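Being a predicted model, the structure only gives us computed values, none of them experimental. Here, residue 1 is the first one in the sequence, and each next residue gets the next number.
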Amino acid sequence: MRGVNRVMLIGKFRKDPDVQYLEGNIAVAKFSLATTETFKDRAGKLNLPNRMAYSSVVARTWQELAQKYLHKGVWYILKED
């Protein structure tokens, strides 16, 4: 399908979600995800790992799930279709 992107991240949470409340008592959770990817060069030797960090923000029902299940050091598989 043209113009469709899929994302799958596998890694660990860098810290516990930071929960804040907006006007109207709407809860928002901010958290960051860390991934590491390694590549082999043409000689077959391993290069240094490529580390990436991703920031996410969720609100309302998703915030409750994030606060309950997402904790520092926990492995995750985040899939977006």
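When each of E64, Q63, H71 is checked for a side-chain hydrogen bond (donor to acceptor under 3.5 Å, both in side chains) with Q67, only Q63 meets the rule.
If you chain together hydrophobic residues whose side chains sit under 4.5 Å apart, W62 and V57 never meet in one group. Y54 and V7 fall within a single hydrophobic cluster, where Ile, Leu, Val, Met, Phe, Trp and Tyr are joined by side-chain heavy atoms under 4.5 Å apart, directly or via other members.
Using bins of under 30°, 30° to 60° and over 60° for the plane-to-plane angle, the ring pair F13/Y76 lands in the tilted bin.
Here the CE atom belonging to M52 is positioned 10.5 Å from the OG1 atom belonging to T36, to the nearest 0.5 angstrom. Remark: I10 CD1 to I77 CD1 distance equals 5.0 Å, nearest 0.5 Å. Between atom NZ of residue K12 and atom OG of residue S32 there is a gap of 13.5 Å, rounded to the nearest 0.5 Å. Rounding to the nearest 0.5 Å places CG of L70 at 8.5 Å from CG of L65. Rounded to the nearest 0.5 angstrom, I26 CD1 and Y21 OH are separated by 12.0 Å.
For the pair D16 (side chain) and K72 (backbone), a donor-acceptor distance under 3.5 Å is present.
In this structure, A66 and P17 approach most closely via the heavy-atom pair O-CG, 3.6 Å.
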- Query: Run the side-chain contact (heavy atoms from CB on, under 4.5 Å) check on F31 and D18 step by step: do they pass?
  - Reply: CA-CA 6 Å; F31 55 91; D18 177 29; over 6 Å; no

